[in-house]
Amino acid sequence: MPVETLISADIIAARVRELGREIAERYQGRSVVLVAVLKGSFVFAADLARAIDERVALEVEFMAVRSYGDATETSGVVQITSDLTRSIEGKHVILVEDIVDTGLTMAYLLDNLRTRGPASLELCALLQKPARARIPVDIDYLGFTIDDVFVVGYGLDHAQQLRNLPYLGVVSEGE
Ligand code: IMP
Ligand code: MG
């Protein structure tokens, strides 16, 4: 499937390093739980975690949600398919997401995590598509703002494939 590069691996790496530095500076001397939202954020979260230096006592946890099926339009229904295995009560939590599109998934997850009593809750998203926003979501750390195109690679999929591309790309029309 032909894919056009939207954001190169080098540009992603530089931005992820900046986000990691920002988080490390803000949370130095404290412990933080990085909660990666599977599957889409697995690559981003792995790089982001390594961009946060040892000034932060970092833990990594995972959640999986489903809102899409294999279509490229959101169903509006968010389902937690795999939950945290540890409590986040009293902890500083940063939710790590690949992309905020309509915002429905993050609005739902942030509300859900807030009920569990974290000391603080922030959101770090690699990408945001403001043109498609249906519900406002406050993103504390954002990699890139993109146009209304369907992106793949660096963890993001099209029908479960292309997550392995080291860059962010757009699938060419009609292929
Ligand atoms: P939202 O609930 O509409 O904000 O959708 C968020 C989820 O949809 C993301 O976590 C992605 O898994 C998926 N998604 C949205 N836009 C794209 C895209 O352009 N490429 C791949 N997945 C996307
Ligand atoms: Mg996702």
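Every number for a ligand or one of its atoms is a count from 1 in the order of the listing.
Judged by the shortest distance from any of its heavy atoms, G40 lies outside the 4.0 Å radius around the atoms of ligand 1. Proximity of V149 to ligand 1 is established by a heavy-atom distance of less than 4.0 Å. Residue contact annotation: K129 has a non-hydrogen atom under 4.0 Å from ligand 1.
Residue E4 places its CD atom among 12 or fewer non-hydrogen atoms of other residues, nucleotides or ligands, all under 6.0 Å distant. Environment of CD in E18: crowded, with over 12 heavy atoms of neighbouring residues, nucleotides or ligands closer than 6.0 Å.
The main-chain N or O of I11 is found under 3.5 Å from a side-chain atom of S8 such that the two form a donor-acceptor pair. Judged purely by atom type and a 3.5 angstrom limit, S41 uses its side chain to pair as donor or acceptor with the backbone of V96. No donor-acceptor pair closer than 3.5 Å links the side chain of D157 to the backbone N or O of R163.
The contact set between ligand 1 and I99, taken as ligand atoms under 4.0 Å from a residue heavy atom, comprises 6 (C), 9 (C), 10 (O), 11 (C), 14 (N), 15 (C), 16 (N), 17 (C), 23 (C). Atoms of ligand 1 found under 4.0 Å from any heavy atom of D98 (numbered from 1 in listed order, with element): 9 (C), 10 (O), 11 (C), 12 (O). Atoms of ligand 1 lying under 4.0 Å from any heavy atom of D157, numbered from 1 in the order shown and given with element: 21 (C). Taking a cut-off of under 4.0 Å to the non-hydrogen atoms of T102, the atoms of ligand 1 that pass are 1 (P), 2 (O), 3 (O), 4 (O). Set against the non-hydrogen atoms of E97, the atoms of ligand 1 under 4.0 Å away are 9 (C), 10 (O). Applying the 4.0 Å criterion to heavy atoms of T105 picks out, from ligand 1, the atoms 1 (P), 2 (O), 5 (O), 6 (C).
Considering backbone and side-chain atoms together, V152 places no N or O closer than 3.5 Å to any N or O of ligand 1. Looking at V100 next to ligand 1, no N or O pair under 3.5 Å apart turns up.
Of the heavy atoms in M106, none comes closer than 4.0 Å to ligand 1. At a heavy-atom cutoff of 4.0 Å, ligand 1 is contacted by the side chain of L156 but not by its backbone.
Residue pairs meeting the side-chain hydrogen bond (donor to acceptor under 3.5 Å, both in side chains) criterion with at least one member in residues 142-155, sequence neighbours excluded, are D47-Y154.
Checked for salt-bridge contact, R86 and E61 meet the test: a charged N lies under 4.0 Å from a carboxylate O. Using a 4.0 Å cut-off between a side-chain N of Lys or Arg and a carboxylate O of Asp or Glu, R15 and D10 do not qualify as a salt bridge.
Side chain to side chain, Y141 and E22 fail the donor-acceptor criterion of an N or O pair below 3.5 Å.
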